[in-house]
Amino acid sequence: MSDNSNSNNNNSIDHTKNVLVEKHISYVVNLDNKKEEDFEYWVTEHLRMNGMYWGLTSLYILKALDKMDRDVIINWVLSCQKSNGGFSGNVSHDEHLLSTLSAVQILMQLDALDRLDQDLVAKYVLSLQQEDGSFFGDKWGEVDTRFTYCAVSCLSLMGKLDLLDNNRIEKIADFINRCKNFDAGYGCIPGAESHAGQTFTCVGALAIINRLDLIDRDQLGWWLCERQLPNGGLNGRPEKTSDVCYSWWVVSALSVIDRLHWIDNEKLRNYILKCQDNETGGIADKPGNVPDVFHTFFGLCGFSLMSYFDMEEIDPTYALGTKTLLKYNIKLPWNKKL
Ligand code: GRG
């Protein structure tokens, strides 16, 4: 069984059997301290809003949200909002749906959504919907099911899903359905290869707009189960290697369609445990690799979804804490525990 005591600061703790809670907390809290000299920090500078969401939600799962400076984060997030309502990934960048969703998610977790002009944000999101139901990610016009998810999740989190009338909802459902392939998985646009990441976005979006009836749960469950490899880890599509991040993209989708018991949870948990760095804390994509905040977050999400260890519950559709969502009265009909 796992060790939740402070003693897991001790290097002698076997990371293949224990979740290194204190080390992961320290890893996330210290991420911002290495900015001056760190190459990776600067090449991901434009993704800071997503990074903040991954780090903050990791701390939520580890019950350590109080370790972050709430006011500093809120002010920084708000400083990334543009006059059209969208948020950029960092202060001097352009707005995008990806960073807009992260900004809303961060403010919700810090109980500061009321600091936002939510009507303006909703107007920005709605402005990106196209005639065929798809969404642009930003003014430059890339289309991807990721952006559909960001749009409906963002509106729903702000309690503004009803700004999408039936016609718009029907078009969204139709666009997602056109991204479904013969193998029951989903791609980023119609005709594109099935990928577990895109499958999460489509299942999540369909759950939010209440159209899970469009999914053949057994067939999709089969395709998602096929993602588990003999080492216990999951890949994102056939013939690829395992990566910890699929402990979210695959497991969340399985969870929403109520097929999580179709994969070997124990083997997956052991795989994630092995990807922990027992010196620095943090979780890597594969055992022995250098950790990063993206894989740390999605590895912890995997533990949480599989109810492993004493962690906060994360919702498989919104990728936010269940408690946070309930505080905002968001309905979670796919959550069997509620
Ligand atoms: C709120 C959790 C959350 C998400 C917001 C951004 C987004 C919506 C969803 C992203 C979905 C997605 C496409 C995830 C996949 C990310 C990933 C690991 C891509 C790697 O692709 P390849 O081709 O990797 O490099 P493989 O494993 O296929 O070789």
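One-based numbering, in listed order, for ligands and for the atoms of each.
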Asker: Please list, in number order, the atoms of ligand 1 under 4.0 Å from a heavy atom of L98.
Answerer: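 Those atoms are 6 (C).
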Asker: Below 4.0 Å from any atom of ligand 1, is there a heavy atom belonging to D243?
Answerer: no
Asker: Give the atoms of ligand 1, by number and element, whose distance to some non-hydrogen atom of Q105 is under 4.0 Å.
Answerer: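 Counting from 1, the qualifying ligand atoms are 1 (C).
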Asker: Got the closest protein heavy atom to atom 25 (O) of ligand 1, with its distance?
Answerer: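 That would be R237 NH2, 4.8 Å.
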Asker: Distance check, rounded to the nearest 0.5 Å: I169 atom CD1 versus L163 atom CG?
Answerer: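 Taking CD1 in I169 and CG in L163, the distance rounds to 10.0 Å.
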Asker: If we count only N and O atoms by modelled type, under 3.5 Å, do the side chains of E313 and N335 hold a donor and an acceptor together?
Answerer: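 There is such a pair (donor and acceptor under 3.5 Å, judged by atom type) between the side chains of E313 and N335.
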Asker: Below 4.5 Å, heavy atoms only, C-beta onward: do I257 and W334 meet side chain to side chain?
Answerer: no
Asker: Write out the residue and atom name of the closest protein heavy atom to atom 12 (C) of ligand 1, then the distance separating them to 0.1 Å.
Answerer: G197 CA, 3.5 Å
Asker: At under 4.0 Å between heavy atoms, which part of N235 makes contact with ligand 1: side chain, backbone, both or neither?
Answerer: neither
Asker: For a quick check under 3.5 Å, do H295 and D292 share a side-chain donor-acceptor pair by atom type?
Answerer: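 Result is yes, a qualifying pair exists.
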Asker: If the cut-off is 4.0 Å to any non-hydrogen atom of K240, which atoms of ligand 1 fall inside it?
Answerer: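 Near K240, the atoms of ligand 1 are 29 (O).
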Asker: Run down the list Y246, W249, F200 and name the one with the heavy atom closest to atom 20 (C) of ligand 1.
Answerer: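 Among Y246, W249, F200, the closest heavy atom to atom 20 (C) of ligand 1 comes from Y246.
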Asker: Is ligand 1 less than 4.0 angstrom away from at least one heavy atom of Y53?
Answerer: yes
Asker: In terms of ring plane angle, is the pair Y308 and F303 parallel, tilted or perpendicular, where the classes change at 30° and 60°?
Answerer: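 Because their plane-to-plane angle lies in the 30° to 60° range, the rings of Y308 and F303 count as tilted.
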Asker: Just to confirm, does any protein heavy atom lie below 4.0 Å from atom 28 (O) of ligand 1?
Answerer: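 Neighbour list for atom 28 (O) of ligand 1 includes protein heavy atoms (cut-off 4.0 Å).
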Asker: To the nearest 0.5 Å, what is the distance between CD (E312) and CG (L62)?
Answerer: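 Rounded to the nearest 0.5 Å, the CD-CG separation comes to 10.0 Å.
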Asker: By the definition side chain to side chain contact (heavy atoms under 4.5 Å, CB included), identify the one residue from V19, L20, I283 that meets it with L273.
Answerer: V19
Asker: When you measure from the heavy atoms of T201 to every atom of ligand 1, does any distance fall below 4.0 Å?
Answerer: yes
Asker: Specify the protein heavy atom at minimum distance from atom 7 (C) of ligand 1: its residue, its atom name, and the distance to 0.1 Å.
Answerer: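 Scanning the protein heavy atoms, the shortest distance from atom 7 (C) of ligand 1 goes to R146 CG, 4.0 Å.
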Asker: Kindly assign one of parallel, tilted or perpendicular to the pair W54 and F294, based on the angle between their ring planes and the thresholds 30° and 60°.
Answerer: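 Perpendicular, since the angle between the ring planes exceeds 60°.
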Asker: Within the 4.0 Å heavy-atom shell around A319, which atoms of ligand 1 are there?
Answerer: 1 (C), 2 (C)
Asker: Under a 4.0 Å threshold between the charged nitrogen and the carboxylate oxygen, would D277 count as salt-bridged to K23?
Answerer: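 Looking at D277 together with K23, the answer is no, because their closest N to O distance does not fall below 4.0 Å.
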Asker: May I ask you to list the atoms of ligand 1 that are less than 4.0 angstrom from any heavy atom of H195?
Answerer: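 Listed by number with element: 15 (C), 21 (O), 28 (O).
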Asker: Look at the aromatic rings of Y149 and F200 and report parallel, tilted or perpendicular, splitting at 30° and 60°.
Answerer: tilted
Asker: Out of all atoms in ligand 1, which are within 4.0 Å of some heavy atom of C245? Include the element for each.
Answerer: 18 (C)
Asker: Starting from atom 8 (C) of ligand 1, locate the nearest protein heavy atom and write down its residue, its atom name and how far away it is, to 0.1 Å.
Answerer: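 Result for atom 8 (C) of ligand 1: Y149 CD2, 3.7 Å.
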Asker: So which protein heavy atom does atom 13 (C) of ligand 1 come closest to, and at what separation?
Answerer: Q198 OE1, 3.2 Å
Asker: Kindly state whether the ring of F87 and the ring of Y124 have centres lying under 6.0 angstrom apart.
Answerer: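 No.
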